[in-house]
Amino acid sequence: MKNKISTISFFLKGSKRYFALAIVFVFFQVIFDLINPKIMGYTVDYIVGDLSQTPAFVLNMADELGGRDYILSHLWVLAIVVVIIGLLSAVSRYFFRLFNSLGGESLARRMRNILFEHILKLPYKWHDINKTGDIIQRCTSDVDMIRNFIQDQLVSVFRMTATIILALFFMFRIHVGLTLCACVFIVFVVAYSMVFHGKVGEKFEKVDAEEGRLSATAQENLAGVRVVRAFGREMYERKRFEKANEVYINHWVEMMSILAKFWTISDLVRNVLMVSVLSLGAYFTIKGQMSAGQYVSYIAYNMLVIQPIVGLGRVISEMSKSGVSIDRLKYIVDSDAEKDLEDAVDFPGYGDISFENVSFAYDEENVLKNVDMTIKKGQTVGILGGTGSGKSTLMLLLDGLYELKEGKISINGVDISKIKKDELRKHIGFVLQEPYLFSRSLKDNISIACDEVSDEQIEKAVDTACLKPAISKFKEGYETYVGERGVTLSGGQKQRTAIAQMLVKEPKIMIFDDSLSAVDSKTDATIRKGLKKAGEDATVIIISHRITTIMGADQIYVLDGGKVAECGNHDELVKKGGIYNEIFNLQRSVQEEA
C-alpha cells in the first residue's frame with residue numbers, strides 16, 4: 001500500500017495544486033449545503049410556535065427583526081436567503097468540478113508523458129518480453145482508471161467525509177438515539193465494502209490482463225493484415241480474436257456480477273436507512289422528543305449523509321480496481337531504463353572494431369559462442385550464415401541494444417559498454433532486416449534520424465539508395481504519405497527508404513542487416529557501388545544470404561551454429577571448399593538455371 005501511495009504521489013506532481021483548490025471549494029460546498037437545513041428547521045419551529053428546541057440566539061435574532069408576525073409576513077426574505085446560499089453552494093460546486101477536472105487532465109497528461117518517455121528508454125530485451133498491445137493498454141485504460149479514481153472518487157472522499165462528519169454532528173445535536181441507529185448502517189456499509197474490495201480487486205486484475213492480451217491480438221493482426229490476407233487466415237485469426245474476446249467478456253461478466261451484488265446491497269442499505277429514519281423520526285416527533293422543525297432538519301441531514309455513505313462504500317470498492325492499475329503502471333516505471341556507466345566516455349573516434357570471445361544467449365542456449373572478429377577501420381566486411389547463426393545478434397550487440405555478459409566488443413580500443421549509449425548509436429548507422437517506417441511523409445521518414453537535414457543531404461541519400469526513380473513516380477513526391485509500417489510501399493521501396501534514412505546521418509560505421517534482400521540484383525549492385533562511393537572512408541558491415549552482395553567485401557566471415565566457421569575474402573573462401581563455397585556453387589547453379 002505504501003508503494004502505491006508513493007507512486008501516486010510521484011504522478012501527482014504538477015496537479016496537486018488543482019486538487020487542493022478542488023478540496024477547498026468542496027468544503028465550502030459542504031458548509032453551504034449544511035446551512036439550509038438549519039434555516040428550514042428553525043423557520044418551521046418558529047412558524048408552528050414550538051420554540052422549546054430553538055436556541056436562544058435564534059430567538060433573539062428573530063425578535064430584533066420584528067418578531068413572529070414580521071417573519072410570517074416576510075417569509076420571502078428567508079426564501080431569498082435560502083436561494084442565495086444555494087447559489088453559493090452551486091458556485092462552489094462549479095469551481096470544485098473545474099479544478100478537479102483540471103487536476104485530472106493534468107495528472108493523466110503527466111502519467112502518459114512519463115510512461116512514454118520511460119518506455120523509450122527501456123532496454124531492447126524488455127520490449128521482447130512485453131507485448132505492444134499490453135503496453136498500450138497500460139498507458140491508456142490503466143491511466144484512465146487511475147485518473148478517474150482520483151478525480152471522481154478520491155477527491156470526493158474529502159467531500160463525503162466532511163459531509164458525513166458535519167451532518168452527523170448536527171444529527172447528534174438533534175437526537176442521539178436516532179443518530180446511533182444511522183451509525184450502525186455506516187459501520188455495516190464500510191464492513192461489506194471491505195469484503196467486496198478484495199473480490200473486485202482480484203477479478204479486475206484478471207480483466208485488465210485479458211484486456212491487454214485482447215489489445216495485443218488486435219494490434220498484431222492489424223499490423224500484419226497483409227500477411228493475414230495473403231495466406232487466407234482471416235477465419236483463423238477471427239476465431240482467435242473471438243476466443244480472446246470471449247475470455248475477456250467472461251471475466252467482465254463475473255466482475256460485474258460481483259459489482260451488481262455490491263450495488264444492490266448498497267441501494268438496499270440506503271433505502272432501509274431512509275425508511276428507518278423517517279419512521280423513527282416521526283415516532284420521536286409525536287412523542288415530543290423532537291420538534292417539527294428538528295424533524296425537517298434531521299430528514300434533510302439524513303438525505304445529505306445517505307449518498308456519501310453509499311459513495312464511500314463504492315470508493316472502497318473502486319480502490320481495488322485502481323490499485324491493480326497502479327501496480328501495472330508501477331511495473332513499467334520500476335523497470336530499469338538503460339543507463340550509462342558512471343565513468344562512461346564519449347565516442348572514442350573511428351578505429352578498428354573488435355569482437356573478443358563474445359558469447360550471448362537470449363534464454364539458456366547460446367546464440368553466439370566465443371566469437372572472435374576484427375574489422376579494420378574503413379573495411380567493407382561481409383557476414384554470411386544460416387538462419388539462427390547469430391548474424392543479426394552480433395550487430396545488435398555492437399549497437400549496444402543488448403547487454404553483453406560474456407566477452408568484449410570494442411571500437412578504437414574502447415569497450416562499448418564504457419561508451420555513452422546515445423553517443424555510440426549516433427555514430428553507427430543501422431539498416432534493420434525488417435525496416436520500420438512511420439505513418440508520416442516519405443521525406444519525414446528519410447530525415448527522421450537527424451534533427452536538421454538539408455534538401456541536398458536528402459537528395460544525395462536518395463540517389464545513393466536508388467530511391468529516386470520510385471519517388472518520381474509518386475504523385476506527391478517526397479510528401480507521399482507512408483502508411484503504418486510503410487504499408488503503402490513495396491518491400492524494395494521500404495528497404496531503400498531505410499537505407500536513405502541511414503545515409504542521411506552520414507555515419508562512419510554502417511551496418512546493413514540483410515537490407516538488400518527485396519531488391520533485384522541490378523539495383524543491389526548499383527546501391528553497393530553508390531555506398532562505396534558515399535562512404536569511402538567508412539567501415540561497412542553487410543549481412544546477407546546473397547553471396548553476390550558480399551563477394552566484393554574486403555573480408556567475409558561465415559557463421560555456423562553461433563561460431564566463426566570461416567573467414568577470408570571471396571577468392572580465399574572459394575579455394576577452401578568449405579561452407580562458403582557450397583553456398584556459392586548452389587546459388588550460382590540456381591542463377592544459371594534461372
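Keep in mind that the numbers below use all heavy atoms, side chains included, and drop hydrogens, waters and symmetry copies.
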Once you round to the nearest 0.5 Å, how far does CD of Glu423 lie from CD1 of Ile428?
11.5 Å
Non-hydrogen side-chain atoms of Tyr350 and Asn412 separated by less than 4.5 Å
no
Give me each pair satisfying ring-ring contact (aromatic ring centres under 6.0 Å, His included) with a member in residues 542-561, each pair once, sequence neighbours excluded.
none
Within the 4.5 Å heavy-atom criterion, are Arg147 and Phe11 side-chain neighbours or not?
no
Between Asp372 and Asn357, is any pair of side-chain heavy atoms under 4.5 Å apart?
yes
Contact between Asp399 and Ile511 at the side-chain level, heavy atoms closer than 4.5 Å - yes or no?
no
Show your working on side chain to side chain contact (heavy atoms under 4.5 Å, CB included) between Val381 and Asp554 and close with a plain yes or no.
CA-CA 6 Å; Val381 173; Asp554 301 312; 5.9 Å; no
Just wondering, more than 12 heavy atoms not from Phe116 lying within 6.0 Å of its CZ?
no
Output yes when a side-chain donor or acceptor of Gln501 lies under 3.5 Å from a complementary backbone atom of Asn445, and no otherwise.
yes
Using side-chain heavy atoms (C-beta onward) and a distance below 4.5 Å, is Asn130 in contact with Ile332?
no
Do we see a donor-acceptor contact under 3.5 Å between the side chains of Ser417 and Asp415?
yes
Shortest non-hydrogen contact from Ser15 to Gly103?
CB-O, 3.6 Å
Nearest 0.5 angstrom please: Lys505 NZ to Ser447 OG, how far?
13.5 Å
Check step by step if side chain to side chain contact (heavy atoms under 4.5 Å, CB included) holds for Lys421 and Lys339.
CA-CA 8 Å; Lys421 293 285 191 298; Lys339 291 181 180 178; over 6 Å; no
Return the minimal non-hydrogen interatomic distance between Pro348 and Val414, and the atom names on each side.
CB-CG2, 3.6 Å
Non-hydrogen atoms of Lys13 and Arg110 that approach each other most closely
O-CD, 2.9 Å
Does any pair with a residue in residues 111-135 pass salt bridge (Lys or Arg N to Asp or Glu O under 4.0 Å), and if so which ones, sequence neighbours excluded?
Arg112-Asp144, Glu117-Lys121, Asp134-Arg138, Asp134-Arg328
Atom CG in Asn366, atom OG in Ser359: separation rounded to 0.5 Å?
5.0 Å
Close side-chain approach of Leu115 to Val333, heavy-atom, < 4.5 Å:
yes
Of all heavy-atom pairs linking Ser389 and Gly561, the shortest is CB-N, 4.4 Å
Drop me the distance from Ile409's CD1 to Leu398's CG, to the nearest 0.5 angstrom.
6.0 Å
Is any side-chain heavy atom of Leu368 less than 4.5 Å from a side-chain heavy atom of Leu397?
yes
Is it true that a side-chain atom of His118 and a backbone atom of Asp334 form a donor plus acceptor pair closer than 3.5 Å?
no
Evaluate the salt bridge (charged side-chain N to carboxylate O under 4.0 Å, His left out) criterion for residues Glu242 and Lys239: first the C-alpha distance (whole Å), next the side-chain angles of each, then the deciding distance (0.1 Å), finally the verdict.
CA-CA 5 Å; Glu242 287 177 352; Lys239 289 181 178 178; over 6 Å; no
Any chance you could lay out the side chain to side chain contact (heavy atoms under 4.5 Å, CB included) test for Phe584 and His570, step after step, and finish with the verdict?
CA-CA 10 Å; Phe584 175 62; His570 173 72; 3.7 Å; yes
Less than 4.0 Å between a side-chain N and a carboxylate O, is that true for Lys576 and Glu572?
no
To the nearest 0.5 Å, what is the distance between CG on Asp422 and CG on Asp346?
8.5 Å
Sequence-distant partners of Tyr362, ring pair (Phe, Tyr, Trp, His ring centres under 6.0 Å), two or more places apart:
Phe360, Tyr402
On a heavy-atom basis, which atom in Ile119 and which in Cys139 lie closest, and how many Å separate them?
CD1-SG, 3.6 Å
Quick test of your reading of the model: are Lys377 and Asp352 salt-bridged, counting only N-O distances below 4.0 Å?
no
What are the two closest non-hydrogen atoms of Ile411 and Gly349, and how far apart are they?
CG2-O, 4.1 Å
Hey, does the side chain of Glu566 reach the backbone of Leu573 with a donor-acceptor pair shorter than 3.5 angstrom?
no
Run the side chain to side chain contact (heavy atoms under 4.5 Å, CB included) test on Phe474 and Gln493 for me, step by step, so that the C-alpha distance in whole Å, both residues' side-chain angles and the decisive distance to 0.1 Å come before the verdict.
CA-CA 12 Å; Phe474 295 144; Gln493 289 169 346; 4.0 Å; yes
Just by modelled atom types, is the Gly385 backbone N or O under 3.5 Å from a matching donor or acceptor in the Lys391 side chain?
yes
For a 4.5 angstrom cut-off between non-hydrogen side-chain atoms, does Thr497 reach Leu467?
yes
Is the number of heavy atoms from other residues, nucleotides or ligands under 6.0 Å of Lys443 NZ greater than 12?
no
To the closest 0.5 Å, what do you measure between CD1 (Ile135) and OG1 (Thr140)?
11.5 Å
So for atom CD, which belongs to Glu254, do other residues, nucleotides or ligands contribute more than 12 heavy atoms lying within a distance under 6.0 Å?
yes
Do the side chain of Thr539 and the main chain of Gly378 share a donor and acceptor less than 3.5 angstrom apart?
yes
